[in-house]
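Right, one structure below, let's go through it.
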There are 2 protein chains.
Amino acid sequence: MEYQEAKDKFISTWGSLGTLWGINKAMAQIQSLLFISTKPLSMEEIMAELKISRGNTSMNLRQLMDWGIVTKELIPGERKEYFSTEKDVQELARHIAKERSRREIKPVIKVLKDVSSIKDDGTEKTRELIKQTKALHDLAETADAMMNKIVNQEQTWITKSLLKLIK
Amino acid sequence: MEYQEAKDKFISTWGSLGTLWGINKAMAQIQSLLFISTKPLSMEEIMAELKISRGNTSMNLRQLMDWGIVTKELIPGERKEYFSTEKDVQELARHIAKERSRREIKPVIKVLKDVSSIKDDGTEKTRELIKQTKALHDLAETADAMMNKIVNQEQTWITKSLLKLIK
DNA sequence: CTGAACTTTCAATAATTATTGAAAGTTTAT
DNA sequence: ATAAACTTTCAATAATTATTGAAAGTTCAG
């Protein structure tokens, strides 16, 4: 497999995996492209590589910046804006996990908590609703906590190693 | 909050969370309905409760059965088919994790492996592609393995200590 | 201040995905 | 074998989501 083929395959596969981490195709593809690029890319370059419109590129870059995984790089003397993504996979995973937790999981946990806290009127169906949503609530909370612990643990480890390097 | 309100809230919230585990709205809503039902439901009942068509109900029930989280219940003397879902959240999580791993994560890991195995021609861009896809491959593999370990409750010292950290 | 270089916005449109409903298919009782 | 009871299929349609592109907005050099 040649470079170009491997590159295209990577971008389209990673792009289609977007759903797995809750982002759209264009967003995922832009991130992929930046992830394997050896230097920051301009909007023009991204548009050309992925064959998407200026507007699309602009909006998706903004979303990626909202997610905290893409940053603007200002190159001295250049008018254009350049973009690059977090290159460290651990750090990338941390950002993604944190954002997904905040945007999607936490709000659902809140609803599960509310629903499982309704008054038990003694009927079978109410009891079942309470019981099952409570179980789901506990599971969701554990899973969310675990995910955050794992990714933050990684962060601690990285920070520790970094500190060692500095000393 | 009354029973009916709580029930509707649960079904629509859990339904909209469908994307999180990679299924569509109707599928997620049917599963939710069954999850809090005190008895197996017929197609008619599901259609009426969720206000969806017969065809839609049929197709989504089939998909839920493919996922292994809904089963047909044959009630003696009844012509109609009844459906129920796995009621144990741990078991449910296990099934979902296993299916997602098989359908989505494993194939992506395979592509990452192929892409990261291309011949190093010495150019910077090829080296970057290899380096980054390899890092992603390792991360994906670790995450997948860990998820399976956790849901399969194969509690080695690693997962045990992780669980302790959370509690 | 003006114009060139660049980015953002957003209404229109395209692409994708979900849903319907009626015809075809299946099963069972008689 | 027939008909009633029920389920599945799938072409048509609706709903949703993504994408475009041109106008409006911004920034900056001269």
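Chain identifiers are assigned alphabetically (A, B, ...) following the order of the sequence lines, protein sequences preceding nucleic acid strands; residue numbering begins at 1 within each chain.
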Quiz prompt | Distance, rounded to the nearest Å, where B:Asp66 contributes CG and D:dT8 contributes P | solution = 12 Å
Exercise. Give DNA chain D the dot-bracket treatment, 5' to 3': Watson-Crick (N1-N3 with N6-O4 or O6-N4) or G-U (N1-O2, O6-N3) under 3.5 Å, [ ] crossing, | other strand.
Key: ||||||||||||||||||||||||||||||
Quiz item: Given C:dT7, is OP1 or OP2 found less than 4.0 Å from the side-chain N or O atoms of A:Arg62?
Solution: no
Self-check item: d(CD1, A:Ile46; P, C:dC6) in whole Å
Solution: 15 Å
Practice problem: Would you mind reading off the distance between B:Asn60 atom CG and D:dC10 atom C1', rounded to a whole angstrom? | Solution: 15 Å
Quiz prompt | Nearest to side-chain heavy atoms of A:Met43, which nucleotide of C:dT8, D:dT19, D:dT8 | solution = C:dT8
Exercise. Indicate, with a heavy-atom threshold strictly under 4.0 Å, whether B:Asn24 touches base, sugar-phosphate, or nothing.
Key: sugar-phosphate
Quiz item: Are A:Met65 and A:Met43 in one and the same hydrophobic cluster, where Ile, Leu, Val, Met, Phe, Trp and Tyr link if side-chain heavy atoms are under 4.5 Å apart?
Solution: yes
Quiz item: Taking the side chain of B:Asn56 as heavy atoms from C-beta outward, which of D:dT7, C:dT20, C:dT7 is closest to it?
Solution: C:dT20
Quiz item: B:Glu81 has a side chain; which of D:dT7, C:dT8, D:dT19 sits nearest to it?
Solution: D:dT7
Quiz item: To the nearest angstrom, how far is B:Tyr82 atom OH from D:dC6 atom P?
Solution: 8 Å
Quiz prompt | Electrostatic pair A:Glu91:A:Arg94 at N-O distance under 4.0 angstrom | solution = yes
Quiz item: So, are A:Lys110 and A:Asp114 salt-bridged, with charged N and O less than 4.0 Å apart?
Solution: yes
Self-check item: Pair A:Glu128 + A:Lys125: basic N to acidic O under 4.0 Å
Solution: no
Quiz item: Starting at CZ of A:Arg54 and ending at P of D:dT19, how long is that distance when rounded to a whole Å?
Solution: 17 Å
Self-check item: Pairwise 5' ranking along DNA chain C for B:Met59 and A:Met59, keeping only the more 5' one
Solution: A:Met59
Quiz item: Between atom CD1 in B:Ile30 and atom P in C:dT19, what is the gap in whole Å?
Solution: 9 Å
Quiz prompt | Given D:dT19, C:dT20, D:dT8, the nucleotide with the shortest approach to the side chain of B:Ile52 | solution = C:dT20
Quiz item: Mind checking whether B:Trp67 and B:Trp21 have parallel, tilted or perpendicular rings, split at 30° and 60°?
Solution: perpendicular
Quiz prompt | A:Glu73, CD atom: more than 12 neighbouring heavy atoms under 6.0 Å | solution = yes
Quiz prompt | Separation of D:dA4 P from B:Lys80 NZ (nearest whole Å) | solution = 17 Å
Exercise. Specify the separation, in whole Å, of atom CG of B:Leu64 and atom P of D:dT8.
Key: 13 Å
Quiz item: Could one point to a donor on the side chain of A:Arg79 or the base of D:dT27 with an acceptor on the other under 3.5 Å away?
Solution: yes
Quiz prompt | Given DNA chain C, 5'-ward residue of the pair A:Gly55 and A:Lys25, judged by closest heavy atom | solution = A:Gly55
Practice problem: Would you confirm whether B:Glu2, through its side chain, and B:Gln4, through its main-chain N or O, come within 3.5 Å as a donor-acceptor pair? | Solution: no
